[in-house]
Number of protein chains: 2
Amino acid sequence: MLATAFTTAGDLGNGRSVLDAAAPAARDPLDDRLARAAPRTIEAREHIFCEGDRATHVYRVEVGHLCIYRMMSDGRRQVVDFAYPGDIIGLGALGEHGESAQAMERTVVRGMPLATLRELAQTDHRLGMKLYEALSRELMAARELLFTVSQRTATERVAAFLLALSRRAVRRGESATEIVLPMTRMDIADFLGLTIETVSRTLTRLRTDHVIDLEQCILVTICNPAALAELAQSSGQVGRRG
Amino acid sequence: MLATAFTTAGDLGNGRSVLDAAAPAARDPLDDRLARAAPRTIEAREHIFCEGDRATHVYRVEVGHLCIYRMMSDGRRQVVDFAYPGDIIGLGALGEHGESAQAMERTVVRGMPLATLRELAQTDHRLGMKLYEALSRELMAARELLFTVSQRTATERVAAFLLALSRRAVRRGESATEIVLPMTRMDIADFLGLTIETVSRTLTRLRTDHVIDLEQCILVTICNPAALAELAQSSGQVGRRG
DNA sequence: CGGGCGGTTGATGAGCATCAACACTTGTGG
DNA sequence: CCACAAGTGTTGATGCTCATCAACCGCCCG
C-alpha cells in the first residue's frame, strides 16, 4: 500500500474521499435518482449545510467546488475535505451534520432525501454495499490526512497535497501537471494544519527550486514530478524515528 | 456540539470510535453470533492483523487492549485508535486492512468471518444500518482526532486525551478520576503526534500543577477535572486564529 | 479613487523535536 | 539470589521548524 495521502486530491494513496464521478458506469440507482433531482445553485461563500444542522439530504456536486470543514469554539478551523464535481457529500451524518459544507465559488448540486436513500438501500443491497464502501473510503482518507498532518513536515504536507490534487486531476481526465487551485491559501492552510504564511513560503520555495511554477496564485505547474514525490515522502530528514 | 475529542477514550465529543459494549441491550444478531464464536488469545506485542493483510474477519475484544496503527516506510507511526473490551475492530476494511492491530498485553478476541457478517446484514436491515452507523462514528472519531492533532498544542492534546480516557472509563462503569493507562508513552505519543519526551514532560507539568497525580507511570489520578477541561479547550493561548 | 481581501515576504521567538544522560523496572542467566 | 542487560520513563540542554506579528503588493469592486 502506498503512503501518499489526501482525500481531496486523489485521496492520498488509495481510497477516494467520496463516491467519485469516475466510478464504473454500471447503471447506478443513486446516479439515476440524482440525475432526475432538481439542481440547486449555491453562491460563493454560501453554505449547503452547517455543523449541527439536522441532516436531511445527501448531495452530488454538479458544478463548482465545496469546502468541508469543522470549527472550534475559539475560531480554529479544520478543513476535512474538498468536494469536486461528481463527489457526493453528506454521507455518514447521524442525525446531524458533523461538519459544514461551503461553496468556494458559485456551485450547483443535486440533492436526495435521506429517507429516499434508505429506501433505495433496503431494496437494493448493492447500493447499501456501495454506501458502506464509500464511507470506508472516507474513513481511509480521513486517516490518511491524519497521518499527513500529524507526522509530516510543512514541505512534505504541501508536496503531498499538490500530488494528491494532481492525481485527482488525472482521474478527472485533466492534466497531471497543470493544476488549478479552486481553494484559497487559507483553505489549504486549514486543511494541512499550517498557517497561510507557511503555505505561501513553502510554495515559493518549491518555485525557486524549480519543482513547480506558480502563476496568478491559482495555477500550479508541476515542473519536476519526481522531485515533488521525493519531497512528499520524507524531505531528506531522518531523525530518530526513521 | 462539544469539541472535545478522541476515538479511544470517549471519542472526543460525540460518536464512539467503534461499536461499544455499552450499547443498548436490544437483542443483537452480531452479539449473539460473536458470543458463540471461539475465543482467540493474542499474546502481548502480537498482531491480530497487519496493514495490507487480506481482511477476513471482524473481531470483538473480550479481554485486554489493542493498539490500531499505521506505519510509514521510514518508521513514522500513527496510532489511530485504542480498542477496549467490547469494541469491534476490523470494520471498514475494503479487501485488505488499512492498519495493523497489535495487542498491548495478553488479549482475548472473538472473530466473525466477513462473509457471515455480509449474510447477516442482508437478512437483517437493522444490522446493516448498525454497521453503517458504526462506521460513521469511526469517521467522526477520526476527524475529531485529526482536529486535535492538527490544531491543538501539546498540553491541550494530552489534557484532551486524559479526559477522553476518563469519559471512556465512565461509560465502562469505572472511576472517572482513577485512570489506568494500558498503553505506553510511545503509544500515546504516536497517537497524539508528539514525542515520548513531550508526553512525559507534559504529564509531569500537569502533576506539578496539581491537575493530576501520577503513580508508577500507569495510574493517573485526575485531581482537578475542571482545570484539565480548561487546559483541553484552549490552554490560555489566543493567537490570531482565536 | 480608496477600501478590503488575498497573497507574499521579512523579523522574531515560542514550542516542541532532538540529542544525551540517567533512574527505574523487569526478566534472564550464572 | 544476585548481577546484568534490555526496555521504559524522566529530565536536561540545545536548536530547528513553524507560528506570530508586521509591512507591503496587487487585485477586485463599490
- Query: In whole angstroms, how far is the P atom of dC16(C) from the CD atom of Gln151(A)?
  - Reply: 15 Å
- Query: Within less than 4.0 Å of OP1 or OP2 of dT8(D), is there a side-chain N or O belonging to Thr184(B)?
  - Reply: no
- Ion pair check, Arg77(B) and Asp187(B), cut-off under 4.0 Å: yes
- Have a look at Arg207(A) and say if it touches a base, only the backbone sugar-phosphate, or nothing, with a 4.0 Å heavy-atom cut-off. sugar-phosphate
- Message: Please report the distance, rounded to the nearest Å, between CD1 in Ile196(B) and C1' in dC16(C).
- Response: 14 Å
- Taking atom types as they are modelled, is there a donor-acceptor pair under 3.5 Å from the base of dG15(C) to the side chain of Arg201(B)? no
- Query: Hey, are Arg110(A) and Glu62(A) close enough for a salt bridge, meaning a charged N less than 4.0 Å from a carboxylate O?
  - Reply: yes
- Message: Please verify the inter-ring angle class for Phe191(A) with Phe82(A); under 30° counts as parallel, over 60° as perpendicular, anything in between as tilted.
- Response: tilted
- Task: Specify the separation, in whole Å, of atom CG of Leu219(A) and atom C1' of dG7(C).
- Result: 16 Å
- Task: Grab the CE-C1' distance between Met183(A) and dG7(C) for me, whole Å please.
- Result: 16 Å
- When you measure from the side chain of Thr204(B), which nucleotide among dT8(C), dA17(C), dT11(D) comes out closest? dT11(D)
- Quick one: the side chain of Arg185(A) and the base of dT9(C), do they pair up donor-acceptor inside 3.5 Å? no
- Note on the structure: Rounded to whole Å, the CZ-C1' distance (Arg157(B) to dC16(C)) equals 9 Å
- Carboxylate-amine/guanidinium contact Arg54(B) Glu96(B), below 4.0 Å: no
- Return no unless some side-chain N or O of Thr153(B) is found under 4.0 Å from OP1 or OP2 of dG15(C). no
- Task: Check the distance between dG4(C)'s P and Arg45(A)'s CZ and give it to me in whole angstrom.
- Result: 16 Å
- Query: For the pair made of CG in Asp74(A) and C1' in dA19(D), what is the distance, rounded to whole Å?
  - Reply: 15 Å
- Task: Ignoring the backbone of Cys217(A), work out which of dT9(C), dG7(C), dA19(D) is nearest its side chain.
- Result: dG7(C)
- Taking CD from Gln216(B) and C1' from dT10(D), how many angstroms apart are they, rounded to a whole number? 16 Å
- For the base of dC21(D), is there a side-chain donor-acceptor partner from Glu197(A) under 3.5 Å away? yes
- Query: Do the non-hydrogen side-chain atoms of Leu203(A) and Leu162(A) ever get within less than 4.5 Å of each other?
  - Reply: yes
